[in-house]
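First the structure, in the form of structure tokens, and then the observations on it.
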Amino acid sequence: MKLNAAIAGVGTSRVGQVADRSALQLQADAAQAALADAGLRMTDIDGLLTTPVRVEHWNMPCGVVANHLGVKASYLSTVDVAGASGCAMIHQAAMAVATGQASAVLCVAGQNLLTHGSRAKAVKSMAEGGSAHPQFEVPYGPIVPSLYALVAQRHMHEFGTTPGQMAEVAVTLRRHASLNPNAHKRELITVSDVLKSRMITTPLHILDCAIVSDGAAAAIVTSIERARDLKKRPVRLLGQGYGLRHSHIGEHVDLMSTGAVDSGRGAFKSAGLTPTDIDVAQIYDCFTITVIIELEDLGFCKKGEGGQFVEGGRIGIGGELPVTTHGGLLSGGHPGLGGGFFHVVEAVRQLRGEAAERQVRDAEVALVHGNGGVISIHCTIILGRG
Amino acid sequence: MERPVPVPDAATAPYWAAANEGRFVMPRCTQCGRWHFYPRALCPHCSSEKLEWSDCSGRGTVYSYTVVHRAPSPAFAAELPYVVAIVEVEEGPRLMSSVVNCAPETVRIGMKVRAAFRRVADDTQLPVFEPA
Ligand SMILES: [Zn+2]
């Protein structure tokens, strides 16, 4: 069922190392940018969604953020489906608007993850507080990339996927980031640079892993009629789906098939579309292998062919299926749970034709996919020009 | 700095108590007869509450592995590089563990392994695996 809801405004804070802004200031920057984009004021907002942050303890994050921004909310909630939260916030905001609980919902997420802690501290807090099971996994000493490395190693074993193919993902997304003035890492890299970069946990090198950044992103969801009266061309939510196959990687029944199969199927079904209808795909990219597996599970290629699919410029801007055109978590920026929300913002800019040097020609339908945990929980949304 | 040690709860205490005695056990459903891991309140296959802890053979194969070159905390730094693996046990379930008593670069998917134990605290042994 298509909901009567559209994205009316998007915005981002500065991304990268932003030492002069706190987590709440970054979120306020993104929120103000989204309001200006839509031509709305904070007093027009009556709904608020956000995600938890890692840098501070916020008792009820949605209350902290709403209060900080001065939002008088008739609907508010903290969304936590980990890396899938960006996509899920759009769907949940759309439900609130479609049911009349709120007329304009601000979705905002982000934090100063880089400035707040050194990279080593982030690695440790993610390993012990993050996706690994505290009793059955953490005692064996995996870092978060190890959990994805286990998936990558099995994918290589079953399908012959190569480190060079994974490197192609990093190289392509870095090229996209080089075209994005607000991206964190913009210097071009080659496949050889990736393969020669420091080995972190076989088969993943440091350049196969997402970066750690400061930054926040925001979007405003309202009804289609209201959005049409605002400054920018509305972007409609056409469909959405969720999927979950496991909570910890050690117990996964089949590592080679993820909840993205279910979330993708749900999204395409509700939108009445198929993968061939997608002009641009903003795919969650916490690691290079993630993109390869999600392209397979979402149906853009057959199972096991993701490694070949990402070769030969196919996922680059100008290619058959441009993927993660802002540079993603690998190069654009990754401030924790808010990271996947930049994918949503980029999809909106592509559909409005505002992506400048990164513009995918005639982009009318975009898919955004988020995944959280260890390729565990998935949300896919499909957006179209309103 | 100390290694992180599992803190058992009511649902998992039998697992860690057995490991501390050198026994490798997993939950098994007495209704459908199937095994599962990690421990949980209901059988993931048939939703029965009739679960019991049973001794496993300890035999398994490496389903996937990674050689870790960057430690999650200083407690693991001296052990680098080390293997984190997912082992599929003969009884069916998989679990995360280590493969020890061999060079990390010799570990392969499909390799036969058997359970062993590593003492990490006075009252705690971790189930690990070694080449069979
Ligand atoms: Zn059962």
Side-chain angles (χ1 to χ4, degrees), chain A residues 119-160 197-206 208-209 245-256 287 289 374-375, chain B residues 1 3-9 11-13 15-16 36-40 44-45 62-77 79-88 92-100 104-105 107-110 118 120-121 124-129:
Chain A
R119 192 171 170 103
K121 212 159 110 193
V123 166
K124 184 176 184 302
S125 85
M126 280 173 79
E128 292 187 357
S131 317
H133 193 296
Q135 286 188 53
F136 297 106
E137 298 184 347
V138 168
Y140 296 101
I143 49 177
V144 169
S146 303
L147 307 173
Y148 279 84
L150 291 163
V151 181
Q153 195 81 259
R154 186 73 199 183
H155 203 271
M156 289 168 65
H157 174 79
E158 290 211 19
F159 306 117
S197 69
R198 188 172 154 206
M199 181 57 78
I200 296 295
T201 179
T202 61
L204 301 181
H205 308 82
I206 186 87
D208 286 298
C209 305
R245 295 268 176 107
H246 62 280
S247 53
H248 296 98
I249 201 68
E251 64 179 346
H252 196 188
V253 180
D254 178 7
L255 275 191
M256 295 301 100
F287 297 93
I289 187 65
V374 187
I375 210 152
Chain B
M1 188 179 196
R3 278 176 71 115
V5 172
V7 180
D9 57 43
T12 64
Y15 178 84
W16 294 112
H36 66 266
F37 207 70
Y38 306 139
R40 61 199 77 192
H45 308 294
V62 173
Y63 175 77
S64 194
Y65 71 95
T66 180
V67 181
V68 181
H69 290 273
R70 181 185 179 131
S73 68
F76 289 92
E79 295 179 32
L80 290 173
Y82 54 87
V83 174
V84 169
I86 297 176
V87 173
E88 184 171 297
R94 296 195 191 124
L95 76 159
M96 186 174 288
S97 190
S98 306
V99 179
V100 300
E105 63 273 17
V107 173
R108 292 285 177 274
I109 288 175
R118 175 174 176 179
V120 290
T124 309
Q125 290 203 117
L126 286 184
V128 295
F129 288 82

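So you know, we letter chains A, B, ... as the sequences are listed, proteins then strands, and number each from 1. None of these values were measured; they are calculated from a predicted model.
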Measuring heavy-atom distances to chain A, does B:Val7 have an atom under 4.5 Å in its side chain, in its backbone, in both, or in neither? backbone
Engaged part of B:Leu95 at the chain A interface, taking heavy atoms whose separation is under 4.5 Å: backbone
Most heavy-atom pairs under 4.5 angstrom with chain A, which of B:Gly110, B:Pro81, B:Pro127? B:Pro127
Under 4.5 Å to a heavy atom of chain A? For B:Tyr15 that would be side chain
Which atoms of A:Leu147 come close to chain B, meaning under 4.5 Å heavy atom to heavy atom: side chain ones, backbone ones, both, or neither? side chain
Report the residues that fulfil side-chain contact (heavy atoms from CB on, under 4.5 Å) with B:Pro8, sequence neighbours left out, ordered by chain and then residue number. B:Thr12, B:Ala13, B:Trp16
Salt bridge (Lys or Arg N to Asp or Glu O under 4.0 Å) with B:Arg108: which residues, sequence neighbours excluded? none
Looking only at side-chain N and O atoms, does B:Thr66 offer a donor or acceptor that is under 3.5 Å from a partner on A:Ser146? no
Taking C-beta and beyond as the side chain, do A:Ile289 and A:His155 meet within less than 4.5 Å on heavy atoms? yes
Looking at A:Arg154 and B:Glu88, is there a salt bridge between them, counting it only when a charged N and a carboxylate O are closer than 4.0 Å? no
